[in-house]
Each structure stands twice: as C-alpha cells, then as structure tokens.
Amino acid sequence: AQSVTQPDIHITVSEGASLELRCNYSYGATPYLFWYVQSPGQGLQLLLKYFSGDTLVQGIKGFEAEFKRSQSSFNLRKPSVHWSDAAEYFCAVGPNTGNQFYFGTGTSLTVIP
Amino acid sequence: DTAVSQTPKYLVTQMGNDKSIKCEQNLGHDTMYWYKQDSKKFLKIMFSYNNKELIINETVPNRFSPKSPDKAHLNLHINSLELGDSAVYFCASSQIRDRGRNTIYFGEGSWLTVV
C-alpha cells in the first residue's frame, strides 16, 4: 500500500542554520513526489515536485529536495533558514494512475532567533 | 487570480445547524477534492470528483454531502453539525493524466468552528 512517512513531528532550528526535513515513501511504481508548506492560517502551497530526471529538485523560497530511490526518501533541505520559514511542511506522493494523493502527517518547523 | 478559491474562510456555527462551503477552481482541471485537516494537522481525504463523477468517497458521516454542478465547482454541505466537525476543510484540484505527473493544488481553507 502507498504511504508517506515524515518521522519528525516537530523540528526547531536557529535562524540562519541549515534545515533538512525527512520524508520516506512506500510506492509500488515510480513515485511522483511533492513538498508543500502551510503557513499559519494559510492553505498548502506547493514548494517543489519531482517527476523524473535530475534527482535534485529546486523549489521556491530557496528550498531543494533530493530523491533517493535506494532509500525511498525525498528529503527537503534549505541551507539557511529564515524566520518566515516557520510553518508546517507536508510531503506527498502522487498517483501514476487515478487521482489519489498520499500525504505525510506533517513536520512543524519552529525557527528561533 | 486565485486558482482554487473557497468560501467562507471562517465559519462559526452552532451544533445542529446545516452549512455549506463552496469551492471553485479556474485552472481548467478535471478533478476536485475535499480534505479535512484536524487539530493535529493531519490531512484526510474525504471526497474526490472527476468530471462531476464521484471517484473517491472515504468513510465520512452521511451528514457530509458533496455536490459538483460542473468541473470547476465542488461544494460541501454538512447537515446537523457536531462539535467534532470543527476542523479546517480544504478544497483542491488536479488534472488527472493517464501517465501520471499530476499535481494537486489547494485552496486557502475554510476554518469551521462548531459551538
């Protein structure tokens, strides 16, 4: 069965520090992978997506993610975190066929000055 | 222009009332969804329509009824509201292609509080 796991419920980093949010997936076929960000009181905004090709994907707001098939992972990274990055982050896997998307349980990011 | 828009954004209502949340997308997508986000931020799929046909119908109370008058609209009606219905409801849309590579886009959410 398809599933997405985000092992870290909550992460705290200092402003300016680097960030890595973990995502592991279970999917029978070639996965289509996504990261979304939800700022407080807002909807989910697409940060980046991986369909094929280069396994290092660049997104908006200075984020990137790397697809590692051998580890079934799609971790999100940012070299220097800003206070405005404090939000909830969701990893998701999309369908090869059909219309069912699978979301992780989210990682809450706190940024301290 | 907002790609997926839903109204109202905030809704406070009493137990037992009936309420509706409306959703519209201007992306030309053929598939729309309703998700429920609980207090722990967990996203749960409720319904999905493809070209006005119900495709996904997860286990939700019969008090929840989606309606899709056309491909661009998907409304959610909730009867006899209960305290446990308090949550954020997200509308979303995507264009489903046979070869995958589908992306889902979300609305801003509707914050429902039942008192």
Side-chain angles (χ1 to χ4, degrees), chain A residues 1-6 8-11 21 23 25 27-53 57 59-60 65 67 86-110, chain B residues 2-7 9-10 21 23 25 27 29-58 68 71 74 88-111 113:
Chain A
Q2 297 87 346
S3 67
V4 178
T5 303
Q6 294 180 244
D8 304 306
I9 296 173
H10 186 251
I11 284 183
L21 302 182
C23 173
Y25 66 90
Y27 199 71
T30 301
Y32 300 125
L33 297 160
F34 307 84
W35 275 100
Y36 290 83
V37 60
Q38 183 183 18
S39 297
Q42 302 296 315
L44 277 77
Q45 180 183 22
L46 179 67
L47 277 177
L48 48 79
K49 59 187 176 184
Y50 171 77
F51 286 163
S52 66
V57 180
I60 63 171
F67 169 58
E88 192 83 18
Y89 291 80
F90 293 92
C91 181
V93 62
N96 295 105
T97 59
N99 59 345
Q100 176 71 290
F101 289 81
Y102 298 89
F103 285 85
T105 50
T107 298
S108 178
L109 174 66
T110 297
Chain B
T2 303
V4 182
S5 59
Q6 50 185 113
T7 56
K9 179 158 187 174
Y10 301 103
I21 307 172
C23 180
Q25 55 94 3
L27 296 167
H29 289 165
D30 61 2
T31 301
M32 297 184 72
Y33 308 78
W34 278 111
Y35 282 83
K36 179 180 180 180
Q37 185 178 49
D38 61 23
S39 58
K40 294 185 178 180
K41 303 291 186 180
F42 181 64
L43 279 166
K44 182 178 185 300
I45 180 75
M46 299 175 70
F47 305 103
S48 177
Y49 273 75
N50 177 263
N51 286 316
K52 302 196 300 175
E53 180 183 353
L54 184 62
I55 298 297
I56 296 175
N57 187 6
E58 292 294 313
S68 181
K71 282 197 316 182
L74 179 61
V88 185
Y89 293 86
F90 284 103
C91 179
S93 75
S94 67
Q95 177 64 32
I96 300 304
R97 301 179 180 87
D98 290 340
R99 295 172 62 184
R101 296 174 176 255
N102 311 315
T103 303
I104 187 169
Y105 296 92
F106 286 85
E108 290 292 300
S110 295
W111 270 252
T113 302

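Since the model is a prediction, treat every value here as computed from it, not as a measurement.
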- Could you tell me if the ring centre of B:Y33 sits under 6.0 Å from that of A:F103? no
- Residue that, paired with A:Y50, satisfies ring pair (Phe, Tyr, Trp, His ring centres under 6.0 Å) out of A:F34, A:F67, A:Y32, A:Y25: A:F67
- Message: Looking at A:Y89, is its backbone amide N or carbonyl O close enough to the side chain of A:Q6 to form a donor-acceptor pair, meaning the two atoms are under 3.5 Å apart?
- Response: yes
- Message: Ring centroids only, cut at 6.0 angstrom: are B:F106 and B:Y35 within range, meaning strictly under it?
- Response: yes
- Given a strict heavy-atom distance threshold of 4.5 Å, which part of A:L46 is in contact with chain B: side chain, backbone, both, or neither? side chain
- Bottom line for A:Y102: the part with an atom under 4.5 Å from chain B's heavy atoms is neither
- Segment of A:Q45 engaging chain B (4.5 angstrom heavy-atom cut-off): neither
- Query: Which bit of B:Q6 comes within less than 4.5 Å of chain A, counting heavy atoms only: side chain, backbone, both or neither?
  - Reply: neither
- Query: Can you say whether B:I104 sits under 4.5 Å from chain A via the side chain, the backbone, both, or neither, judging by heavy atoms?
  - Reply: both
- Item | Part of A:E88 within contact of chain B (heavy atom distance under 4.5 Å) | side chain
- Item | Exam field: side chain B:S48 to backbone B:M32, donor-acceptor pair closer than 3.5 Å | yes
- Item | Any donor-acceptor pair under 3.5 Å from B:D30 side chain to B:K71 backbone | no
- Task: Below 4.5 Å from any heavy atom of chain A, which atoms of B:K9 appear? Answer side chain, backbone, both or neither.
- Result: side chain
